[in-house]
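One structure below.
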Amino acid sequence: HHHRFNVAVILTIVAVSWIVVPAVVRIIDSAGSYAPSGYEPRDASRGEWLVNRGPITLDQFVLTWEDAAKLLLFLVVALAWLAVAPGTSRRSGRR
């Protein structure tokens, strides 16, 4: 049982360091670099672009190999923790 727990912890650490940390760093960097002192002329063109681009459709989303690997890693981590969860051991005679 300890072996499964150790595998689940290691997979969780890998998943967090590969999926969560880069996303959080990207958000912090983008928030830190945006510091307008007032109105920027680009704001009007951004607003027009948002209005003119239309609704978001599924063909705008592309699943890359990296995204698929991250999704697979997330599923493996979830399964690893389900295997460690109490009550999932088939060897225990208790219910």
(message) How close do Val77 and Leu11 get, counting heavy atoms only, and between which atoms?
(response) CG2-O, 3.4 Å
Is there a path of hydrophobic side-chain contacts, each under 4.5 Å between heavy atoms, that joins [X] and [Y]?
{"X": "Val20", "Y": "Val25", "value": "yes"}
{"X": "Leu71", "Y": "Ile19", "value": "no"}
{"X": "Val16", "Y": "Ile28", "value": "yes"}
{"X": "Phe74", "Y": "Leu79", "value": "no"}
{"X": "Val21", "Y": "Val24", "value": "yes"}

(request) Give a yes or no on whether the backbone of Ala83 and the side-chain of Arg4 come within a donor-acceptor separation of less than 3.5 Å. (result) yes
(message) Strictly distance-based, threshold 3.5 Å: is any side-chain N or O of Asp67 a donor or acceptor partner for the main-chain N or O of Leu63?
(response) no
(message) Is any side-chain heavy atom of Ile13 closer than 4.5 Å to one of Trp18?
(response) no
